[in-house]
Amino acid sequence: QNLRHLWRVQKSDFLCWLTTFLATLFLGTTYGLVTGFAVSIIALLQQSARGQVVELGNLPGTELYRNVSRFPSARRLPGLLIVRFGSSVNFV
């Protein structure tokens, strides 16, 4: 039941768990843990590289700007695109 919940909530964590479990089962504890560590690092790098970019709109009657997909009442400003980057910007 917990694994089904993990699959629904965070598929990348489930796949990391499954990979670590299978590697530990077939390759042994040491190689399983190393595999799990490597898969976790790869998932972390992939997630941080993708980042979240959302379009913002003004909430009527306020000076607040919110995600237009999460707040249907938020209005886009004509001729202006406002975006927010939801993760850190890394330069390598």
Side-chain angles (χ1 to χ4, degrees):
Q1 184 178 2
N2 288 338
L3 293 177
R4 271 192 228 125
H5 175 71
L6 187 59
W7 173 255
R8 282 190 302 247
V9 173
Q10 190 71 30
K11 288 182 176 47
S12 63
D13 286 349
F14 175 81
L15 293 175
C16 181
W17 175 86
L18 183 65
T19 304
T20 304
F21 175 75
L22 292 175
T24 303
L25 188 65
F26 293 113
L27 302 176
T29 306
T30 303
Y31 289 117
L33 290 175
V34 169
T35 302
F37 178 75
V39 169
S40 295
I41 294 296
I42 290 169
L44 179 68
L45 291 174
Q46 181 183 19
Q47 190 175 22
S48 68
R50 243 182 315 151
Q52 180 187 24
V53 179
V54 296
E55 181 182 359
L56 301 179
N58 178 257
L59 292 177
T62 69
E63 294 182 7
L64 299 175
Y65 290 85
R66 297 289 185 250
N67 183 348
V68 294
S69 63
R70 293 186 63 204
F71 291 84
S73 62
R75 300 290 171 231
R76 293 174 176 92
L77 300 177
L80 185 63
L81 175 65
I82 303 172
V83 294
R84 180 183 69 210
F85 298 99
S87 61
S88 61
V89 179
N90 299 314
F91 299 97
V92 179

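Listed by first and then second residue, the side chain to side chain donor-acceptor pair (under 3.5 Å) pairs that reach into residues 33-44 come to none, sequence neighbours excluded. Contacts classified as salt bridge (Lys or Arg N to Asp or Glu O under 4.0 Å) and involving residues 52-69 (residues at least two apart or in different chains) are given here: Glu55-Arg76. Screening residues 25-60 for ring pair (Phe, Tyr, Trp, His ring centres under 6.0 Å), with sequence neighbours left out, gives no hits.
The hydrophobic cluster of Leu44 has no other members, since no ILVMFWY side-chain heavy atom comes under 4.5 Å of it. Counting Ile, Leu, Val, Met, Phe, Trp and Tyr side chains that sit under 4.5 Å apart, directly or through other members, Leu80 shares a hydrophobic cluster with Val54, Leu56, Tyr65, Leu77, Ile82. Residues Leu59, Phe71 make up the rest of the hydrophobic cluster containing Leu64, defined by ILVMFWY side-chain heavy atoms closer than 4.5 Å, directly or through other members.
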Which pairs of donor and acceptor atoms, one on a side chain in residues 8-23, lie under 3.5 Å apart (sequence neighbours left out)?
unit_1	atom_1	unit_2	atom_2	d
Gln10	NE2	Ser12	OG	3.1
Thr19	OG1	Leu15	O	2.7
Thr20	OG1	Cys16	O	2.8

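Considering only residues two or more places apart in sequence or on other chains, Ser69 meets the side chain to side chain donor-acceptor pair (under 3.5 Å) condition with Asn67.
The two residues Pro60 and Ser73 come nearest to each other via the heavy atoms CD-O, 3.2 Å.
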